[in-house]
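What follows is one structure encoded as structure tokens, with my remarks underneath.
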Protein chains: 2
Amino acid sequence: MPKVAESTIRRLSLYLRFLEEFEEQGIETVSSKALAGRGGTTSAQVRKDLSFFGSFGKRGLGYSVPELAGRLRTIIGLGHRYPLALIGAGKIGSALVQHRGFAERGFDIAAIFDRDPEKIGQPWNGHAVRDISELEAALTAEPVEIAVITTPADAAQAVADRLVAVGVKAILNFAPVKLDVPEDVTVKAVNLALELEVLSYALTNR
Amino acid sequence: MPKVAESTIRRLSLYLRFLEEFEEQGIETVSSKALAGRGGTTSAQVRKDLSFFGSFGKRGLGYSVPELAGRLRTIIGLGHRYPLALIGAGKIGSALVQHRGFAERGFDIAAIFDRDPEKIGQPWNGHAVRDISELEAALTAEPVEIAVITTPADAAQAVADRLVAVGVKAILNFAPVKLDVPEDVTVKAVNLALELEVLSYALTNR
DNA sequence: GTTTGTGAAACGATTCACAGCT
DNA sequence: AGCTGTGAATCGTTTCACAAAC
């Protein structure tokens, strides 16, 4: 398996989106230049990104839109749907559950856990909220590979430990703490206030 | 003004958080090693990051916690609060409005706009939703530097154009499209499905 | 003639290692 | 003795440029 930078993978995901748009429009063939123009990159970058995984184009012609889309789905691992566990039935959790973009891209929220007795058992955005104490039982019966943590910061590490114990291998973490996990578990952190601080810096330094 | 990588700015924001924790604990002085251990980096990285902006430490001793925190606030531009305009009173918007982390870090949602007549004028998470047609008038009367776009993809570029026209200089964009803006306007994109796809890739390639 | 695929070159970020203060 | 600040070395990513394929 080639060792590839995350920035490359992110661009591949974007290329896939563009290819799907081209597919809808019935466009059969696309050049690296056209793909690059659609996102904010260069044709050389597109070709280099793809070259890590193989050679999918025809010289002089470009890439077959459906073929390249299929290849990218395979590379990224989108050949099947992913059930997700969501821990934390709060504001962000609610937004994610309702978020159309997840299901559209193959990610289904399959189980929701919270600690708050007022929420447990209640219907919530069309799902039932389960008691966090059932986490082990539920995720043993129906395992997931990916979990999303939207708990407060002080609960996140304990939740992560329990997820890892039941075999979760990837975590999307919205809690503003660095999670400590075994190295075969992948964590992606999303920190919204941090993004605003980057904007603040940009505003300040002009 | 030094030209500094975004990755450096992101780490500075994290260092500031850690310093604030140390401050609460009454810790007076901290070494680059201690700051590094708290986030996931190295002491050399911490010192290099700070060195772009000056020399704030004492050799043999480390950094004064309150002083360094103050310096970082100045560098990042957190010396004052930022009013934000939010465009799109949907699920993600709702989560952001309620999100404690924004206000905690100095960002206040000051105006919310939507296109949906059912939402306009309604109280919504403690704020009033205004008609998007009032955007120019409202943001001229009370300008903001930073706006957050949570509209559907197909509305985002038009909204961005209007924001730029009323002087917005930084945009946090949750719509899954690349925004085209003048080069003096900074855009940060947040694409949640993309983060899951990065996890999918990691799961697939082991 | 056009566009890919890819080594080589350029660029950028991180890590090293040590001189210089306290 | 301990820890910072920083030039130099290393490592990784992007861009260039061109031969090969169609």
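Keep in mind the model is a prediction, meaning the values are calculated, not measured. Computation of the quantities below employed the complete heavy-atom set of this structure, encompassing side-chain atoms and omitting hydrogens, waters and symmetry-equivalent molecules. Residue numbering restarts at 1 for every chain, and letters A, B, ... go by the order of the sequence lines.
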Rounded interatomic separation in angstrom, taking CZ from B/F53 and P from D/dT4: 18 Å
Main-chain N/O of A/I87 paired to A/T150 side chain as donor or acceptor, under 3.5 Å: yes
A/L12 CG to D/dT13 C1': how many Å, rounded? 14 Å
Side-chain donor-acceptor contact under 3.5 Å, B/N191 with B/E195: no
N/O (side chain, A/S32) to phosphate O (OP1/OP2, C/dT4) under 4.0 Å: yes
What's A/K33 touching, base or sugar-phosphate or nothing? Going by heavy atoms closer than 4.0 Å. nothing
With nearest nucleotide decided by heavy atoms, which residue, A/E6 or B/L50, maps closer to the 5′ end of DNA chain D? B/L50
OP1 or OP2 of D/dT15 less than 4.0 angstrom from a side-chain nitrogen or oxygen of A/Q45, does that happen here? yes
Of B/S31 and A/G60, the one whose closest DNA chain D nucleotide lies more 5': B/S31
Could you check how far CZ of B/R10 sits from C1' of C/dT14, rounded to whole Å? 17 Å
Touch class at under 4.0 angstrom, heavy-atom based, for B/S7 against every strand present: sugar-phosphate
Ion pair present between B/E6 and B/K188, side-chain N to carboxylate O less than 4.0 angstrom? yes
Do B/D161 and B/Q157 pair up side chain to side chain, a donor and an acceptor below 3.5 Å, judged on atom types alone? yes
What's the CZ-P distance between B/F56 and D/dT4, to the nearest Å? 14 Å
Between B/E197 and A/I76 the two heavy atoms that sit nearest each other are O-CG2, 3.6 Å
Ignoring hydrogens and geometry, is there a side-chain-to-backbone donor-acceptor pair from A/R73 to A/H80 under 3.5 Å? no
Over how many whole Å does the gap from A/Y63 atom OH to C/dT2 atom C1' extend? 13 Å
Between the base of C/dT3 and the side chain of A/R59, is one N or O donor paired with an acceptor at under 3.5 angstrom? no
To the nearest angstrom, how far is A/R47 atom CZ from D/dA20 atom C1'? 13 Å
Which of the following nucleotides, C/dT6, D/dT14, C/dT14, is nearest to the side chain of A/S51? C/dT6
B/T29 and B/Y63 side chains, donor-acceptor separation under 3.5 Å: no
Round to a whole Å and report the spacing from CZ of B/R11 to P of C/dA13. 10 Å
Just how far, in rounded Å, is C1' of D/dT15 from CZ of A/F52? 12 Å
Using a 3.5 Å cut-off on both pairing distances, which stems of three or more Watson-Crick or G-U pairs include DNA chain D? C:1-22 with D:1-22
